Amino acid sequence: MKVATWNVNSLSVRLPQVLDWLAANPVDALCLQELKLSDDKFPVAALQEAGYHSAFFGQKTYNGVAILSRSPLSETVRNIPGFEDEQARIIAGTLQGEDGPVRIVNGYFVNGQAPDSDKFVYKMRWLQALRDWLHSQLEAHPRLVLLGDFNITADDRDTWDPEGLRETIHHTTAERDELKALLALGLHDAFRLFEQAEKSYSWWDYREFAFRRNRGLRIDYALVSEALKPQVSACVIDRAPRKNERPSDHTPVVVTF
DNA sequence: ATGGCCTCCTTTGGAGGA
């Protein structure tokens, strides 16, 4: 099974690029973040014509997540049960694989803006709620993959400027400790299960020719559960869509198991 | 250099992103 994640930064703007990418990369499921549209505007028909079912959880202007899949998802969940949230950040569902069901959890993690801001407090609360919920999800669904835009660099390898950006947003010890706590539930960063090129990133600022200079961050991840880990055969970042006209600032990450 | 870019909004500049 191939599952991918891509923060598209507006599905309205990026739909043609999503369709092109799916035609060239026929994955079993594609997790999208930052749809920036309400559910009534979701392009169900265009994706259906491309051969994909859609499970989506949108909101106007900001946030919004979806899972596109070759076969329909079951047991879908929107946002973290029991955690009051105005923002659409989580969608989960189960796909039938050759070796049994696979639970797919797609997250658009909170940005947090700055470590001294209210948004950072919300980020920490959200991360703790996610961890509590995932603990029970892993018990119910041993074959689980958590994908999305995590908005955290796991360690210094995941940032173009570890010294200059130390303890700034996406780089704080508090955020990295939360990611470590997620991994401690029994999840593994699929990208790091394999030999990877140095300076591998999944996001580049639109400003300062950041992509051309490879000044980026790796903040988009696929974490696999213990049960899935032995079956993972690859995890790659596909930089190609970042070279498109009018690209998203993020690029897809694909995991194969 | 308190920036540069992109997307959205019953827009026309500010918020949010990362």
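First the proteins, then the strands, lettered A, B, ... as listed; each starts at 1. Everything quoted here is computed from the prediction, not taken from an experiment.
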Would A:Phe194 end up clustered with A:Ile237 when hydrophobic side chains under 4.5 Å apart are linked, directly or stepwise? no
Same cluster for A:Leu127 and A:Ile90 if Ile/Leu/Val/Met/Phe/Trp/Tyr side chains link at under 4.5 Å? yes
I need the [atom1]-[atom2] distance between [X] and [N], as an integer number of Å.
X        : N     : atom1 : atom2 : result
A:Leu35  : B:dT7 : CG    : P     : 15 Å
A:Arg246 : B:dC5 : CZ    : C1'   : 12 Å
A:Gln33  : B:dC6 : CD    : C1'   : 18 Å
A:Arg213 : B:dG4 : CZ    : P     : 15 Å
A:Glu208 : B:dA1 : CD    : C1'   : 11 Å
A:Leu11  : B:dC8 : CG    : P     : 10 Å

For a quick check, with a 4.0 angstrom heavy-atom cut-off, what is the B/S/- contact string for nucleotides 9-18 of chain B, read 5' to 3'? SS-----SSB
One should report the stems of DNA chain B, each a stretch of at least three consecutive Watson-Crick or G-U pairs at distances under 3.5 Å, as B:5-9 with B:13-17
Within a radius of less than 6.0 Å around OH of A:Tyr206, do more than 12 heavy atoms belonging to other residues, nucleotides or ligands occur? yes
Between the CD1 atom in A:Ile219 and the OH atom in A:Tyr201, the distance rounded to the nearest 0.5 Å is 12.5 Å
At what distance, to the nearest 0.5 angstrom, does CD of A:Gln96 lie from CE of A:Met1? 8.0 Å
Side chains of A:Leu30 and A:Thr5: does their closest heavy-atom pair fall under 4.5 Å? no
For A:Arg131, what residues pass the salt bridge (charged side-chain N to carboxylate O under 4.0 Å, His left out) criterion, not counting sequence neighbours? A:Glu178
So, with a heavy-atom separation below 4.0 Å from DNA chain B, the residues of residues 13-21 of chain A are A:Val13, A:Arg14
Considering only the C1' atoms, how many Å lie between B:dT2 and B:dT7, rounded to the nearest integer? 23 Å
Got a list of side-chain donor-acceptor pairs under 3.5 Å for residues 101-109 of chain A, not counting sequence neighbours?
{"residue": "A:Arg103", "atom": "NE", "partner": "A:Gln137", "partner atom": "OE1", "Å": "2.9"}
{"residue": "A:Arg103", "atom": "NH1", "partner": "A:Glu75", "partner atom": "O", "Å": "2.8"}
{"residue": "A:Arg103", "atom": "NH1", "partner": "A:Thr94", "partner atom": "OG1", "Å": "2.9"}
{"residue": "A:Arg103", "atom": "NH2", "partner": "A:Glu75", "partner atom": "O", "Å": "3.1"}
{"residue": "A:Arg103", "atom": "NH2", "partner": "A:Gln137", "partner atom": "OE1", "Å": "3.4"}
{"residue": "A:Asn106", "atom": "OD1", "partner": "A:Gln33", "partner atom": "NE2", "Å": "2.8"}
{"residue": "A:Asn106", "atom": "ND2", "partner": "A:Leu32", "partner atom": "O", "Å": "3.1"}
{"residue": "A:Asn106", "atom": "ND2", "partner": "A:Ala66", "partner atom": "O", "Å": "2.9"}
{"residue": "A:Tyr108", "atom": "OH", "partner": "A:Glu34", "partner atom": "OE1", "Å": "3.4"}
{"residue": "A:Tyr108", "atom": "OH", "partner": "A:Glu34", "partner atom": "OE2", "Å": "3.4"}

Enumerate donor-acceptor pairs with a distance under 3.5 Å from any side-chain N or O in residues 16-27 of chain A to protein atoms, sequence neighbours excluded.
{"residue": "A:Gln17", "atom": "OE1", "partner": "A:Asn244", "partner atom": "ND2", "Å": "2.9"}
{"residue": "A:Gln17", "atom": "NE2", "partner": "A:Glu245", "partner atom": "O", "Å": "3.2"}
{"residue": "A:Gln17", "atom": "NE2", "partner": "A:Arg246", "partner atom": "O", "Å": "2.8"}
{"residue": "A:Trp21", "atom": "NE1", "partner": "A:Asp238", "partner atom": "OD2", "Å": "2.8"}
{"residue": "A:Asn25", "atom": "ND2", "partner": "A:Trp21", "partner atom": "O", "Å": "2.9"}

Side chains of A:Arg218 and A:Thr153, donor plus acceptor under 3.5 Å: no
With no hydrogens and no angle check, do the side chains of A:Asn9 and A:Lys36 hold a donor and an acceptor under 3.5 Å apart? yes
With a 4.0 Å limit, can you tell me whether A:Ser10 has a side-chain N or O closer than that to the phosphate oxygens OP1/OP2 of B:dC8? yes
